[in-house]
Undergrad: 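So that we are looking at the same thing, I have put the structure below in structure tokens.
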Amino acid sequence: MYDKSDNMSIPDTGIDTEYEGDYVGNVDLAELLSTCIDACRRGCEVIRNVRHLSLQSTDILDSVQYKIHDDPRSALTEADGASQKVIIECLNRCWEKEIDAGLIKIVGEEDEDHYSTDLEGEKSFDTAFSEDIMSHFDNYNSPRPDFEPMQRDMFEPTEASTQSLSSKSDQVIIFIDPMDGTREFVEGRIHNVQCLIGITLNGMPVAGAVGMPMVHGNDIEIAYGLISPRDKNESSAAVPLLSGVKMFDARNPLDFRSVKECISASGSTENDDSTLRVFSGDSKKPALKFAMGCLENNVLGGSEPGNIQEADGEASHLHPPMRRIVAGGCGNKMLSVQRHFQSLSERRNENDSSTSSSPPMVGAISLAPPGSSSWDTAAPTAVLLAADPDARVTDLFGHALVYDGKHLLNDCGVVVSSGCVASKIHEKLCRGLCNEPEFCEAIGVELNEVAPVETIEVRSS
């Protein structure tokens, strides 16, 4: 159930770093993940608190700001900034030495300049409560790190998880989306809301915490994953280290009836091993419309663009029925792909004494047009790759996403797949889109600027 993530290999284009003297540090990724999970839990408490208060008074949601005027997808609430402030304070307390030395960088969505390096107070989001930082925790009923110390030891450190950071090219970046799914929060579809903390090493997602603050009445659920990055000079895949879920007792109350209603309204959760699930949003962007059309009519419909060849034995499996599921939140869509794969894998393990004669697993795909950013995809990518050895995460042209801390937008969208058949469909879709002038125009690139099909970095199973 674990990952080989060679599709996430990215050139060393890290942020320029000013080191203090000849400081050389070791960062244990398991320990770093542990603190990120704990920080994520405390950020989730903030989200639950604001949600609870919003039900008591309309003032909170009435004061929603929009990064893009009247665009619900750009909504910004008090919870976004307040959660990020809590998370950053928690991480700074644990890793102050490494942050000051430039070995660990933090990039948070709600930073005004979209890039938080030294974590100084004035760079934090200005919430309704501007007292000292510990009062901020109190105001949102989130555990204070001075009273309840951060958990650094959820996992045992190993040789594989300990990374020596001794040069400018060794760069750890923590990407924070304090509340992914702000539109869903505002519109009441709260089960889609997540808190995302992703860790990248030299441009590759290696660990992540995906917090789900409002899918349980009395608990906060956090999915996590950790993979060991491959050596820069090797072509072998990364080795998975950790994959699972942590549950925490929640401090802040939640009306669980509304949660159950939201989950019920989202549709059936049954898992059909023969149907391709496609998770996407309701965006009207031309790029998503064109990609969905290509998937349905060309790839699944049998008329493959670009004269893509398929092996004779595979033909019957590469055109499964499709079920499109509209889901909110980038992290939520990606986690849905992972959980569908896990559910199918567990059922196969329970029912099949031998998998040699079983048909290939169909799995699921997630499609998203341009609009997401590094903080949306870093954490769920690591969680997915820690669970599925054949998962793929690329842009819509099949290229690896970039995590250099500077180029933050996923300009060419995102496509995610998990499952044998889904991964092959992923590859065919990307190759087909590379040859479509209309799609390239919708994305905003010239056809001749797209890498030739044979150089697309997607794996063959």
Side-chain angles (χ1 to χ4, degrees), residues 37 39-55 60-61 64-67 72-87 108-110 125 127 140-142 175-198 208-224 245-248 250-267 279 281-282 325-336 338-339 366 368 371-373 375-380 383:
I37 291 173
C40 185
R41 183 257 300 201
R42 298 175 198 233
C44 285
E45 288 284 13
V46 173
I47 297 171
R48 287 175 66 102
N49 180 270
V50 176
R51 167 66 181 178
H52 177 67
L53 294 177
S54 71
L55 297 179
I60 291 179
L61 295 185
V64 174
Q65 305 172 40
Y66 294 93
K67 299 174 185 177
R73 293 175 181 79
S74 69
L76 177 66
T77 71
E78 180 182 331
D80 294 83
S83 175
Q84 177 163 308
K85 192 171 184 180
V86 161
I87 292 169
E109 180 180 14
E110 307 312 332
F125 183 83
T127 67
Y140 292 97
N141 195 24
S142 182
F175 290 97
I176 301 171
D177 188 344
M179 190 168 78
D180 183 49
T182 303
R183 174 194 174 190
E184 287 68 30
F185 181 87
V186 172
E187 295 179 352
R189 293 177 285 124
I190 57 176
H191 65 291
N192 290 302
V193 174
Q194 296 182 343
C195 179
L196 309 176
I197 306 179
V210 176
M212 290 156 275
M214 296 181 289
V215 296
H216 305 287
N218 301 310
D219 301 296
I220 292 169
E221 180 179 355
I222 299 180
Y224 64 85
V245 168
K246 295 283 186 181
M247 302 294 292
F248 299 90
R251 286 187 172 194
N252 290 280
L254 183 67
D255 180 8
F256 191 56
R257 289 174 299 176
S258 63
V259 177
K260 290 191 289 187
E261 290 171 1
C262 286
I263 294 176
S264 176
S266 67
F279 297 93
D282 59 1
I325 301 173
V326 176
C330 182
N332 178 52
K333 287 190 279 286
M334 294 180 69
L335 189 66
S336 296
Q338 183 245 18
R339 294 203 154 175
S366 172
S372 67
S373 301
W375 46 72
D376 296 306
T377 53
V383 172

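Note that these values count all heavy atoms, side chains included, but never hydrogens, waters or copies made by symmetry.
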Undergrad: Which pair of heavy atoms, one from Lys246 and one from Tyr224, lies closest together, and at what distance?
TA: CG-CE2, 3.6 Å

Undergrad: Are any side-chain N or O atoms of Asn252 and backbone N or O atoms of Asn141, one a donor and one an acceptor, separated by less than 3.5 Å?
TA: yes

Undergrad: Is any side-chain heavy atom of Ser142 less than 4.5 Å from a side-chain heavy atom of Arg251?
TA: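 With C-beta onward as the side chain, the pair stays apart.
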
Undergrad: So, using side chain to side chain contact (heavy atoms under 4.5 Å, CB included) as the criterion, who are the partners of Ser372 when residues are at least two apart?
TA: Cys330, Asp376, Thr377, Asn410, Val414

Undergrad: Could I get the full list of side-chain hydrogen bond (donor to acceptor under 3.5 Å, both in side chains) partners for Asp219, not counting sequence neighbours?
TA: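 By the side-chain hydrogen bond (donor to acceptor under 3.5 Å, both in side chains) rule, Asp219 matches no residue at all.
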
Undergrad: Is there a side chain to side chain contact (heavy atoms under 4.5 Å, CB included) between Trp375 and Ile176? Walk through the geometry before answering.
TA: CA-CA 5 Å; Trp375 46 72; Ile176 301 171; 5.8 Å; no

Undergrad: Where the side chain of Gln194 meets the backbone of Asn332, is there a donor-acceptor pair that is under 3.5 Å apart?
TA: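 Checking the backbone N and O of Asn332 against the side chain of Gln194, a donor-acceptor pair under 3.5 Å is found.
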
Undergrad: Carefully, step by step, assess Glu45 and Tyr140 under the rule side chain to side chain contact (heavy atoms under 4.5 Å, CB included).
TA: CA-CA 7 Å; Glu45 288 284 13; Tyr140 292 97; over 6 Å; no

Undergrad: With sequence neighbours excluded, what pairs up with Glu184 under the side chain to side chain contact (heavy atoms under 4.5 Å, CB included) test?
TA: Arg189, Asn192, Val193

Undergrad: Which residues satisfy the salt bridge (Lys or Arg N to Asp or Glu O under 4.0 Å) test with Arg42, sequence neighbours excluded?
TA: Asp38

Undergrad: Which heavy atom in Val46 sits nearest to a heavy atom in Ala82, and how many Å separate them?
TA: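 Here Val46 and Ala82 meet closest at CG1-CB, 3.6 Å.
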
Undergrad: With sequence neighbours left out, write down each residue that passes side chain to side chain contact (heavy atoms under 4.5 Å, CB included) with Ala209, or none if nothing qualifies.
TA: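 With neighbours one apart ignored, the set is Ile37, Cys40, Ile222.
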
Undergrad: Dump the intermediate steps for side chain to side chain contact (heavy atoms under 4.5 Å, CB included) on Ile87 and Cys195, then the final yes or no.
TA: CA-CA 10 Å; Ile87 292 169; Cys195 179; 3.5 Å; yes

Undergrad: Out of curiosity, Asp80 CG to Asp177 CG, how far, rounded to the nearest 0.5 Å?
TA: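 Those atoms lie 7.5 Å apart.
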
Undergrad: Starting at CG of Asp180, measure out to CD1 of Ile47 and round the result to the nearest 0.5 Å.
TA: 9.5 Å

Undergrad: Can you tell me how far apart CZ (Arg48) and CD1 (Ile190) are? Round to the nearest 0.5 Å.
TA: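 Output value for this atom pair is 8.5 Å.
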
Undergrad: Could you grab the distance from atom CE of Met214 to atom NE2 of His52, nearest 0.5 Å is fine?
TA: 13.0 Å

Undergrad: Taking all non-hydrogen atoms of both residues into account, name the closest pair between Gly43 and Val86 and its distance.
TA: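 Heavy-atom minimum between the residues: N-CG1, 4.1 Å.
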
Undergrad: Please evaluate residues Met212 and Leu335 with respect to the criterion side chain to side chain contact (heavy atoms under 4.5 Å, CB included), reporting the C-alpha separation (whole Å), side-chain torsions for both, the decisive distance (0.1 Å), and the verdict.
TA: CA-CA 11 Å; Met212 290 156 275; Leu335 189 66; 3.6 Å; yes

Undergrad: Using modelled atom types only, decide if a donor and an acceptor are shared between the side chain of Glu221 and the backbone of His216 within a distance under 3.5 Å.
TA: no

